[in-house]
Amino acid sequence: MFNNRTKIKSILDAGETGREVTVMGWVRTFRNNQFIALNDGSTNNNLQVVVPLGLADDDTLKRITTGASVKVTGEVVPSIGKGQSVEVKANSIEILGDSDAEKYPLQPKKHSLEFLREIAHLRFRTNTFGAVFRVRHSLAFAVHQFFNERGFVYLHTPIITASDAEGAGEMFKVTTLPLNSAPTLEDGSIDFKEDFFGKSTNLTVSGQLEGELGAMAFSDIYTFGPTFRAENSNTTRHLAEFWMIEPEMAFYDLEDNMNLAEEFIKYLINYVLQNNADDLAFLDQRLAEEEKSKPQAERNEMGLLEKLRFVVDNNFERITYTEAIDILLQSPAYKKKKFKYEVKWGIDMQSEHERYLVEKHFKKPVIVINYPEGIKAFYMRQNEDSKTVAAMDILAPGIGEIVGGSQREERLDKLISRMEKMHVPVAEMSWYLDTRRFGSVPHAGFGLGFERMVQFVTGMTNIRDVIPFARTPQNCEF
RNA sequence: UCCCGAAUAGCUCAGUUGGUUAGAGCAUCUGACUGUUAAUCAGAGGGUCACUGGUUCAAGUCCAGUUUCGGGAGCCA
C-alpha cells in the first residue's frame, strides 16, 4: 500500500505541524549528511526532510544521492532553519530506488536548456521543466473548462485523413504499403487502391473542416488534439507534431469570433495566474535572470508576471490589414529602411513586420483582420469590398501568430467559385459543401497553437521546451 | 531549405601570433562536519580537443568536407 502517502504540496500548503506523514519522492540534494531536499512533482517547492543523527547507518546515508527515490515517515515540525516554515523530521527512511551519482546526468547545479533537451526523459525532474509542465497541464485543463462552461461540445476530429484539400502544409503519409515494393499503376505512380484505406491518406494538419460539420449541428464545438506538419521547419516556434485547439461556432461573425478568442486567451492566463502562482513566480525569476545576460537592446520591457497581468487587464488592439500596412508605411523603421522585405498592400506580412506592430508600435497583443483574399485560405468569407476576406490573426509579443481564424464562407456559390479559382478539388469536398447546401448559416472559428500559448505563459523561448518530447526534422527521440 | 555561429572533462567554459605534460568553476569520489538551503572545508580521479582528410618540422589552434547543436529567415499554429 503506497497511497497512504501525503503529497508534498499539501504538507507545504497546510503548514500544519505535529502530525505524522509518509512522503515519497526524489532527492534533489542531500546537505550536511542531514538535510534532504525532496520533490515529488506536486509543487515546485521542495520539502526539507531532516535525518536525525543515528537514524540511518552510513550505508543508507551514502545511498541518499541526487535522483534517488526515498520513502520517509516522520513528523511535520516547524523548521529551525530559514527558507521553509515546516519540515519533516524523519522517524524512518527507506531507499526505494538508488541513483548512481556518477552516472545520473542531473546535478545539483544549473544546466543549460540545450543539455536538458538531450535528456528530455529526465528533465521533468528539474525546477524549470517541473514548472513548465505543470503550467501546460493547467492550460489544457482550463481549455476544457472554458468551453464546457460555455456549452461547447468537445469533438474528436480524425487524426488520419484522406483530404488533402486544405493546403495547410506538407503532410505525413499514412500507409501500410511496403516502401520498397509498393504496387504501382501503369504510369508508375503508387496504386493506393491496394493500401489500407483504399486511398491515399495522411496525418491531419487541421480539424477545422470536420469541426465545421459539428458546428452545423451542435452550434458550438471545439477540437483539441495533435496536429502534424511535415514542413522542414527549424525554428523556435515550429514542431512536426503539436497540439491545436480549434473552436468552431455557428451564428458567429468575425467580431463574435474575435471576442471569443480574446476572452479565451485571457481566461487561460487568468486560470494559470490563480492556480500556478508558485510555478509562475519561479518562471518569472528564471526569465529575469536570463534577461540579465542579454544586451540591453534585446531585453523585454516587462517581466513575465507583469506581461501576463498586462495582457489580462488590457484590451487587445484591433486593426484591419489595410491599417496595419499604413502603420508600417508611416513607421520610422520603414522610413529608415530597417525592413528587409517590401511593404505594400497585398503582401503577406513578414515576421519583422508583425514584430514591429506588436512589440514596437502597440506593445500588446494585436488582432489584425480583413486580409487580402490572395494570401488566405479558400474557406474564408469574402468581404463586400471583394478584395479582402474576413480573416483574423492574433499576434502576440515574442511569439508572433498565436491564433489564426476567420468567418467562414457560408454562401455556396461564392465558396465554389473561390475553390475553383484556387484549384481546390470541389468534387472531393462534396461532404464539406453539404453544410452549405442544407441549412447553411454564418459561422466562424479559429485555431490556437497550444504550445505557442504555453510558450507565451511560461516565457520559454524555444517551443521544444514546452512539449514533453519534441518532434522536429531529424529528431524523434524517446 | 537558406544565412550566421558553435562543438575542448559529467556540466558550463578559458586556451595568446600554430610550439613541451591541455586548464578553471561546478559536479563526482575520499575524508571532516548536529541546522544546511545549488551547504562548507581539505584532498583525489577524470580528456579520441565532434568526425574525416589536408597544410606544416609541429595542429585544440590554420584549410576543406561531414555530422550534430544553437540563433535568425521562410512555411505556419
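The chains referred to below are lettered A, B, ... by the order of the sequence lines, with proteins before strands, and numbering in each begins at 1. Below, each value reflects all heavy atoms present in this structure, side chains not excepted, and no hydrogens, waters or symmetry copies.
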For the [atom1] atoms, the ones on [N] and on [M], what distance do you get once it is rounded to whole angstrom?
{"N": "A64(B)", "M": "G74(B)", "atom1": "P", "result": "29 Å"}
{"N": "C62(B)", "M": "A6(B)", "atom1": "P", "result": "10 Å"}
{"N": "C26(B)", "M": "C41(B)", "atom1": "P", "result": "8 Å"}
{"N": "A14(B)", "M": "U61(B)", "atom1": "P", "result": "16 Å"}
{"N": "C11(B)", "M": "G5(B)", "atom1": "P", "result": "25 Å"}
{"N": "C75(B)", "M": "G54(B)", "atom1": "P", "result": "44 Å"}
{"N": "U30(B)", "M": "G71(B)", "atom1": "C1'", "result": "43 Å"}
{"N": "G25(B)", "M": "A42(B)", "atom1": "P", "result": "11 Å"}

Under 4.0 Å between a side-chain N/O of [X] and OP1 or OP2 of [N], yes or no?
{"X": "Thr236(A)", "N": "G72(B)", "value": "yes"}
{"X": "Ser112(A)", "N": "U12(B)", "value": "yes"}
{"X": "Arg464(A)", "N": "C69(B)", "value": "no"}

Do [X] and [Y] form a cation-pi contact, if we require the NZ or CZ to be under 6.0 Å from the six-membered ring centre and within 45 degrees of the ring's axis?
{"X": "Arg418(A)", "Y": "Phe378(A)", "result": "no"}
{"X": "Arg150(A)", "Y": "Phe146(A)", "result": "yes"}
{"X": "Lys363(A)", "Y": "Phe310(A)", "result": "no"}

Seminar exercise, completed: Of the candidates G74(B), G70(B), C11(B), the side chain of His238(A) sits closest to G74(B)

May I ask you to decide whether [X] forms a salt bridge with [Y], counting only side-chain N to carboxylate O separations under 4.0 Å?
{"X": "Arg318(A)", "Y": "Glu262(A)", "result": "yes"}
{"X": "Asp393(A)", "Y": "Lys376(A)", "result": "yes"}
{"X": "Arg134(A)", "Y": "Asp278(A)", "result": "no"}
{"X": "Arg237(A)", "Y": "Glu401(A)", "result": "no"}
{"X": "Lys7(A)", "Y": "Asp40(A)", "result": "no"}

Could you state the atom-to-atom distance from [atom1] of [X] to [atom2] of [N] in whole Å?
{"X": "Asn234(A)", "N": "G5(B)", "atom1": "CG", "atom2": "P", "result": "18 Å"}
{"X": "Ile245(A)", "N": "C76(B)", "atom1": "CD1", "atom2": "P", "result": "20 Å"}
{"X": "Gln350(A)", "N": "G72(B)", "atom1": "CD", "atom2": "P", "result": "16 Å"}
{"X": "Arg229(A)", "N": "U1(B)", "atom1": "CZ", "atom2": "C1'", "result": "18 Å"}
{"X": "Ile375(A)", "N": "C75(B)", "atom1": "CD1", "atom2": "P", "result": "10 Å"}
{"X": "Phe446(A)", "N": "C76(B)", "atom1": "CZ", "atom2": "C1'", "result": "17 Å"}
{"X": "Ile463(A)", "N": "C76(B)", "atom1": "CD1", "atom2": "P", "result": "15 Å"}
{"X": "Gln474(A)", "N": "U66(B)", "atom1": "CD", "atom2": "P", "result": "15 Å"}

Exercise. Between Ser351(A) and Asn475(A), who's closer to the 5' end of RNA chain B by nearest nucleotide?
Worked result: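 The 5'-side residue here is Asn475(A).
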
Problem set entry | Upstream residue (5' side of RNA chain B) when Met349(A) and Asn462(A) are each assigned their closest nucleotide | Asn462(A)

Would you say [Y] and [X] are linked by a side-chain donor-acceptor pair, where the criterion is simply a distance under 3.5 Å?
{"X": "Arg408(A)", "Y": "Ser406(A)", "value": "yes"}
{"X": "Glu212(A)", "Y": "Tyr432(A)", "value": "yes"}
{"X": "Glu246(A)", "Y": "Ser206(A)", "value": "yes"}

Exercise. Which parts of residues 117-125 of chain A get close to RNA chain B, meaning a heavy atom less than 4.0 angstrom away?
Worked result: Arg117(A)

Exercise. Could you write out RNA chain B as a dot-bracket string, with dots for unpaired bases, | for bases paired across to another strand, and Watson-Crick or G-U pairs counted at under 3.5 Å?
Worked result: (((((((..((((.....[...)))).(((((.......))))).....(((((..]....))))))))))))....

Is there a side-chain contact between [X] and [Y] (heavy atoms, below 4.5 Å)?
{"X": "Phe282(A)", "Y": "Asn127(A)", "value": "yes"}
{"X": "His443(A)", "Y": "Met249(A)", "value": "no"}
{"X": "Thr65(A)", "Y": "Asp98(A)", "value": "no"}

For a quick check of understanding: with a heavy-atom distance under 4.0 Å over all strands, which category does [X] fall into, base, sugar-phosphate or nothing?
{"X": "Thr227(A)", "answer": "nothing"}
{"X": "Thr29(A)", "answer": "sugar-phosphate"}
{"X": "Tyr341(A)", "answer": "sugar-phosphate"}
{"X": "Lys110(A)", "answer": "base"}
{"X": "Phe115(A)", "answer": "sugar-phosphate"}
{"X": "Leu239(A)", "answer": "base"}
{"X": "Lys82(A)", "answer": "base"}

Exercise. Can you give one letter per nucleotide of nucleotides 27-35 of chain B, 5' to 3': B if a protein heavy atom sits under 4.0 Å from the base, S if only from the sugar-phosphate, - if neither?
Worked result: SSSSS-BBB

Exercise. Would you say the base of C76(B) and the side-chain of Ser233(A) have a donor-acceptor pair closer than 3.5 Å?
Worked result: no

Exercise. Planes under 30° and centres closer than 5.5 Å, is that true for Phe450(A) with the base of A77(B)?
Worked result: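 The ring of Phe450(A) is not stacked on A77(B).
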
